[in-house]
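Written out below as structure tokens is the structure these notes cover.
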Amino acid sequence: MAVCIAVIAKENYPLYIRSVPTQGELKFHYTVHTSLDVVEEKISGVGKALADQRELYLGLLYPTEDYKVYGYVTNSKVKFVIVVDSSNTSLRDNEIRSMFRKLHNSFTDVMCNPFYNPGDPIQSKAFDGIVSAMMVQAS
Amino acid sequence: MSPARWDLPPELCCRPMAFVALTGLDVVYNAIHRAIWDAFCANRRADRVPISFKVLPGDHEYPKCRTKRTSYEWYIPKGILKTGWMNKHLNLVPALVVLFYELDWDDPQWKEKQSECATKVEIVRTSLQGRNTKVAVVLIQKKTPLPPGEDLVASERASALCGACDLSGKSLFVLPHTDHLVGYIIRLENAFYEHAQTYYYNEIRRVKSHKEFLNKTTHQLLFVRHQFKMGFFSELKQDTQNALKYYRTAYSLVHELRAHETNVLEIKTMAGFINYKICRLCFQHNTPLDAIAQFRKHIDLCKKKIGSAELAFEHTAWMSKQFQSFGDLFDEAIKLGLTAIQTQNPGFYYQQAAYYAQERKQQAGQLCSHEPGVGYPAPDPLETTSGALDFYGQRPWRQGHQSIDPPDSEKEKQGILALQVKERDVLHSELIIALLSNAVAQFKKYKCPRMKSHLMVQMGEEYYHAKDYTKALKLLDYVMCDYRTERWWSLLTSIVCTALKCSYLMGQVKDYITYSMELVGRASILSEEQKSRIEKNLIKVLMNEVPEPEPDCDPVSVKAAQSLWSDRVSLAGNNEFTIDVQDYVPFVQCKAKFLSPSFHIDEPVQLHVYVRADCPHPVRFSKLCVSLSNQEYNQYCLLEDAYKGKDILEPSSQENMCLVPGKTRKYCFNFVAKTEDVGKKIEITSVGLMLGRETGRYVYLNWRGGWGDAASSHESLQASRSFKRRTRLPEQHVDWDAVSVQSSTMIISRVPKISVQLTHEPPALTNEMFCMTVTIKSEEDTVGKDIKLTAGLKPGQDANLTQSTQITLNGSEVCDDSHPALLPDIPLGDLQPGQKIVKPLYIRCVSTGSRIFLFHVAYSVSATVEGKDITCKCHKDETVTVETVVPFEVAMKFVSSKFEHLERVYVDIPFLLMMDILSASPWPIELVESEVQLASSMTAIDQPQSQVEGVTLQTSECASECFLLKCPPVQNGTSTVASGHYIISWKRKSTFTETSVVRTVITLPHVMVENIPLYVHAEVPSFGRVRESLPVRYHLENRTGLVQDVEISVEPSDAFMFSGLKQVRMRILPGAEQEMLYNFYPLMAGYQVLPQLNINLLRFPNISSQLLRRFLPSRIFVKPQGRNGDASIEAA
């Protein structure tokens, strides 16, 4: 399960970011922010090939000693980032994919809300719920 | 225990090369020897064999070889690897000792020399007692040797020398000291290299042979040691593949060792060494993935081997070093051509090294914070008798100890204490910063700007901890804008907080103010209490007071800072600051707008400035000023504290200058634009807001362009996208997002209060003087001065129109080409209120088509705006489109006197020129006069007189006239001749104005003239009367120079009886005329066809009778006979 989930706007500012409260929130913010380097590179580098394949999942962005950072980019260049604890080896690629898919679906619902102004921070209970379900439960 | 304690030994990190010692060379005093030595050691490029040479004296003492162990049974190893071992084999124990000796084959003292050489070899051999080191001899000779086999003396003496020195033939070399020294040296080198390889091969076999004596219980350490040694010897032998194999075995063996608290450091140290060797070789073999995999394995295996908890910092230091040295290896491989990628580059390893260094610092902080009384233990437990350790990774106070428990717990405690005390003195921050800056350099290379920024933040924070606030602030300030533009407020807030602390501790007023403003503002995610605290401090600073210290600062630095701040307070100057807000997100927002994109000169320019604060407490400002592109207006856009300098607080004005959080304040300015600025743009260059007081300390917030800071463009975009309903706010409140920005306005001229009317009768007729009357009527309240009219063809139309249009004020004469198409600035004087000016203008359009005419009336009038008198220039434009048409069309034709159409005319025979003038004008046209100007080839028979003079033609009416003409004789039968011109003088018949007469000249068509051989004409009375004789005389004229035979016959007719020759044939002499008389006697009344006269010219058969008959009348009107005679009819 994730320790941090973030939604990043097309312009690379955070729309939504949530991390487990036990560890430093700032550290996760930095982790997500730095992972955007790889996301940007992946989007620009293989831009055309990627668009053809319509593959939104970017895979493992970069490994750190403690965390694994996964990325996903929607067609409108909104990025999702999921940070997973490195020690959590039970998570398979497929599960990460399905997490992203769930996140994307929920994000689409947020966008469909006529009262939501695209580009504003996400403040949605439904979205919160989906994210909470994916996060490591701090017990 | 310097910080270098964790550094890998240089003998481990270097590339091992075979060690060959050269003796018998006197490189100091002997030039030849010097040259030989230089040839060996200079220019050692990659293509030369890897040997490290050293010049040693002939009697050099090599390290003693310990007596060979025959049995390992009772041997218990004291450690894994001796600290001196690698160095010994790299630099002390040679693989080959080469003795240089000057001896020519034909040396006269051969015998003596040979025995001297043998002695020298013996000395070397003795000092190498017990080693397998080879010995070789090189004879330095002055002469070039003969080819092998030819010099019999040489081969004989060579074998003798070999025998004397106990050398094999392969170990004796000759070095002729000639021109080709380097070539010989290279050959020698290669021979030495072979010897060295044999030596190392034997060494490996020797070490391997020990294996059978070892047992797994007591000699575990030796397994590792031997594998390492074999790996190292293989490297010396340049057999890197096998070296890698041995090292890998050594690596797995080292982890099989029983690890406990006392030896974990030794195991880790050796594991680190072997890992380093493996990774290095993997990179060398261009298998970087193997290297990375090995390193990961290494880290995973060693991560948990912390060892003694009291020395936990040692583990992190070691970990940090592991990452750092791997990063170095990786980086080195890249320099040699390896390509790295964004997600796998040395930067990550440096970063991780830095992370462990930070952890080490933290642990050191926890573990080494002893009571001040605790000093460094004496005697120094870290002192060893030799000054160095015997084995790598062992504790100095218990070297060689291999059992689980420490031998002496008291000593152990002292040792740990000593290490902790030493650790306390380590400059951790320096280490961390160095690693971070390494990582920054790497991430910069691999396109990771955000990672780079993050590391720079860490560096800045580390500098902050190291109390180097200047550097900290520099770094933080550098990266701040990246986070600001990317709108990561959480990260920005944390960075700015640190920066604020730095600026506080350094007493940097401007930075302190800037950061405070940002932290108080909307981009900060600090809590209200924190914001409130910072705002209070900010206000204090603006009041020139000392701010409260920032929380969590080093108390010593805070003390220093407080004195710095109080110095600042007493300091008089340098208390004004300007902050350009577009680089920050301050807590005050501003939007300035002109109320309209354009203002007339006679109305005041209105400008509104909206200001809003986002801070927790209300804030007061002392000045608001707007700078405009024309600075003369700035004085009108200024709001100043009326009581500056005084301490009297006038509530009304104070309230106006106070910003309540979250409320938008509006400030209105207006001013009268200068008349010179008509047609110009006025822009807001900046808006300045002064916080603080001019007497004390103040700061100017400067909004360039009148609005916007680093965050506002995005905010306004979001606001514009938003479809949230804007709630109606009470009158005074303004919705911030709804305020749009209008940062420039145009000053335009005053609206004219005059009417311009055009009176005319379109369409214009070609070439006429078309009259247009302009009526200018004043509706002004005051006198309009300097009225000027510009009239004519509107510029920018077809260039041909300019050529074909003329305009004048004088209608009495017709324009010509000298007149312009546009009359500029016709002065019309002044115009009193209510008065009007009527001005007729005459336009001549030479060609048809539509034209746009412009009538531009300019004048000046004085007006009063806001109590100021200004002279306004006004102008009014009128345009009109006028069509030009042709007034009439003239059709011309030549007809015979019988009005028959003529293809051609005949010489001397009269014909008629007929004109039809068809009016095409919608207005009546009066034809004043018409005239025919004949060419010389035509003459008029009677005086041509206009028949249409004074005729007025309505639309589509037609006037006709004709002229009787004839052509004088022409040469050579037929020719085409010009006829002349037809001139019509006409004018438009208009009630509107008197127009001048226009002369239109029409060129008459050319006509073909032909000679005719016979001319016939008849003399006929104008009418006949029934039963009364009607004499008709026919004249036949011969126009040729020939006698002509003519046959004439008259055909009978029902209407006439006649007398005369019915049929006759006659001759007419040249130029003569024959007259024939007939008396016709009409029988019937009415138009009657005369009896037809047939003329047949025998000489000219092509001249038909029909053609000639054309000249003769064919009919005549016959009157009936009156009953009562003529008189009665005349009476009736």
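At a 4.5 Å heavy-atom cutoff, the contact between B:Ile299 and chain A is made by side-chain atoms alone. Neither the backbone nor the side chain of B:Tyr349 comes within less than 4.5 Å of any heavy atom in chain A. In this structure, the portions of B:Glu486 lying under 4.5 Å from any heavy atom of chain A include both its backbone and its side chain. Residue A:Ile8 touches chain B through its side chain alone, counting heavy-atom pairs closer than 4.5 Å.
For B:Gln342 (side chain) and A:Asp37 (main-chain N/O), a donor-acceptor pair under 3.5 Å exists by modelled atom type.
B:Arg450 CZ to A:Thr31 OG1: the interatomic distance, rounded to the nearest 0.5 Å, is 14.0 Å. To the nearest 0.5 angstrom, A:Glu41 atom CD is 4.5 Å from B:Lys447 atom NZ.
B:Arg487 and A:Glu11 are not joined by a salt bridge, as no carboxylate oxygen comes within less than 4.0 angstrom of a charged side-chain nitrogen.
Between B:Leu491 and A:Leu26 the shortest side-chain heavy-atom distance falls below 4.5 Å. The shortest distance between side-chain heavy atoms of A:Tyr30 and B:Gln458 does not fall below 4.5 Å.
No more than 12 heavy-atom neighbours from other residues, nucleotides or ligands sit within 6.0 angstrom of NZ on B:Lys444. When the shell of 6.0 Å around CD of B:Gln582 is examined, it contains more than 12 heavy atoms from other residues, nucleotides or ligands. More than 12 heavy atoms of other residues, nucleotides or ligands lie within 6.0 Å of NZ in B:Lys303, so this atom counts as buried by the packing criterion.
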Check your understanding: Could you go step by step and tell me if B:Ser490 and A:His29 meet the side-chain hydrogen bond (donor to acceptor under 3.5 Å, both in side chains) rule?
Key -> CA-CA 8 Å; B:Ser490 56; A:His29 285 211; 2.6 Å; yes

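Taking B:Trp489, B:Trp488, B:Tyr446 one by one and counting their heavy-atom pairs under 4.5 Å with chain A, the maximum is reached by B:Trp488. The greatest number of non-hydrogen atom pairs below 4.5 Å with chain A, out of B:Tyr483, B:Phe348, B:Tyr355, is found for B:Tyr483. Of the residues considered (A:Pro114, A:Gly119, A:Pro14), A:Pro14 shows the highest number of contacts with chain B, using heavy-atom pairs under 4.5 Å.
Counting only N and O atoms by type, the side chains of B:Gln718 and A:Asp120 include a donor and acceptor under 3.5 Å apart.
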